[in-house]
Amino acid sequence: MRFIGFAAAFVCTFALAQSYSGTFTTTNQQGGTVTLVLKQDAQSQVKGTLTGNNTSFQVAAQATPQGLMGTVTGEQGNLYIMAQYEGASLVVTLAEPGPNGQPNLQATRRIVFAKAAAGAPQSKKAPAEKPAAGGVDGQLTALLTRNAWCGFTYNQHSGTSTKERVVFNGNGTVFQTSGAETYNSGPAGSVAGQHGNANQGRWRVAQGMLHLSQDGTNWTPQQLQVTQNSNGYPIIKSGKKEYSQCR
């Protein structure tokens, strides 16, 4: 199935598939409400609707131990969808189909939904945000959350090129997607291949350093170096990789 590569991007697994039935809401950049209504049956088939900005999509997915995986279909086209619970939130990732029909991991959108309480009226007041950190920690936090960060590497020996996109969200979650293209030449000619991955975790800044965690409990500090390119735009160096603002 074409969706297998997208499904394999999940790195967090659960012992049993969870229930995704319910109504979930969030607010888009225009201040409007986006609503996701899902109903899961005994065979873990999930159907529902995704509505917002006067647009409606039909959801058809499967609840698996790795998360919710499927497609959303509307008049404007089709998208791949995957979702997982992150605490009380449902984190949804939408990916556009690429030219080959595979999910384009370089063109994804991440949306965090809150589950509406049964019988409780929805509040239009946005949740309060955490106070911004000050000093060096505040500057680094502002830099990381300013925009998405993209990196590119090329291995001359294997002929593999890798593109990476990292998004640091203000709620402490980080989402990373990467895609690799390989080219091999032989008696039969040149053969090209490609694959992608998607990872998510937690991040925080403390004492001027970035810390990453997969489970929110065990944290690993990251050595970062911030420089500028010839045009004055920031460049983040981490290990042997460089990241610049995604265009």
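What you are looking at is a predicted structure, and each value in this text was computed from that prediction instead of being measured.
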Problem set entry | Step-by-step side-chain contact (heavy atoms from CB on, under 4.5 Å) determination, L94 to I111 | CA-CA 8 Å; L94 300 175; I111 310 174; 4.1 Å; yes

Using a 3.5 Å distance criterion without hydrogens, assess whether the side chain of [X] forms a donor-acceptor pair with backbone atoms of [Y].
X    : Y    : value
Y85  : S19  : yes
K237 : Q223 : no
W219 : L212 : no
Q214 : Q200 : yes
T26  : V34  : no
Q40  : V46  : no

Which atom pair, heavy atoms only, marks the closest approach of [X] to [Y]?
X    : Y    : result
C150 : R165 : SG-CG, 3.9 Å
A148 : V167 : CB-CG2, 3.8 Å
S244 : I235 : CB-CD1, 3.6 Å
N78  : P97  : O-CD, 3.3 Å
A60  : K47  : CB-NZ, 4.2 Å
C246 : N147 : N-ND2, 4.5 Å

Applying the 4.5 Å side-chain criterion to the ILVMFWY set and letting contacts propagate, would [X] and [Y] be lumped into a single cluster?
X    : Y    : result
L79  : L90  : yes
L68  : V37  : no
L50  : F24  : yes
I236 : W203 : yes
V112 : F168 : no

In Å, rounded to the nearest 0.5 Å, how long is the span from [atom1] of [X] to [atom2] of [Y]?
X    : Y    : atom1 : atom2 : answer
L140 : L224 : CG    : CG    : 6.5 Å
F152 : E242 : CZ    : CD    : 13.0 Å
F113 : T35  : CZ    : OG1   : 8.0 Å
W149 : Q176 : CH2   : CD    : 16.0 Å
L210 : S238 : CG    : OG    : 7.5 Å
N169 : L144 : CG    : CG    : 11.5 Å

Report yes if the side chains of [X] and [Y] come closer than 4.5 Å at any heavy-atom pair, otherwise no.
X    : Y    : result
R146 : P234 : yes
Q58  : T49  : yes
T108 : F175 : yes

Exercise. Considering residues at least two apart in sequence or located in another chain, which fulfil the salt bridge (Lys or Arg N to Asp or Glu O under 4.0 Å) criterion with R110?
Worked result: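 Partners of R110 under the salt bridge (Lys or Arg N to Asp or Glu O under 4.0 Å) test: E86.
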
Problem set entry | Enclosure of Q62 CD (heavy-atom neighbours >12, cutoff 6.0 Å) | yes

Problem set entry | The single option from T51, I81, V72, L36 passing side-chain contact (heavy atoms from CB on, under 4.5 Å) against F57 |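 For F57, the side-chain contact (heavy atoms from CB on, under 4.5 Å) check succeeds only for V72.
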
For this session: Test side-chain contact (heavy atoms from CB on, under 4.5 Å) on Q245 and Y233 and set out the steps.
Result: CA-CA 8 Å; Q245 298 178 6; Y233 291 102; 4.1 Å; yes

For this session: Using the side-chain contact (heavy atoms from CB on, under 4.5 Å) rule, take T220 and H211 through it: C-alpha gap first, then chi angles, then the decisive distance, then the call.
Result: CA-CA 5 Å; T220 303; H211 298 255; over 6 Å; no

Exercise. Hey, are Y243 and E164 close enough side-chain-wise for a donor-acceptor pair under 3.5 Å?
Worked result: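 Present: a donor and an acceptor within the cut-off.
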
Exercise. Just by distance, with hydrogens left out, do N53 and T55 show a side-chain donor and acceptor under 3.5 Å apart?
Worked result: no

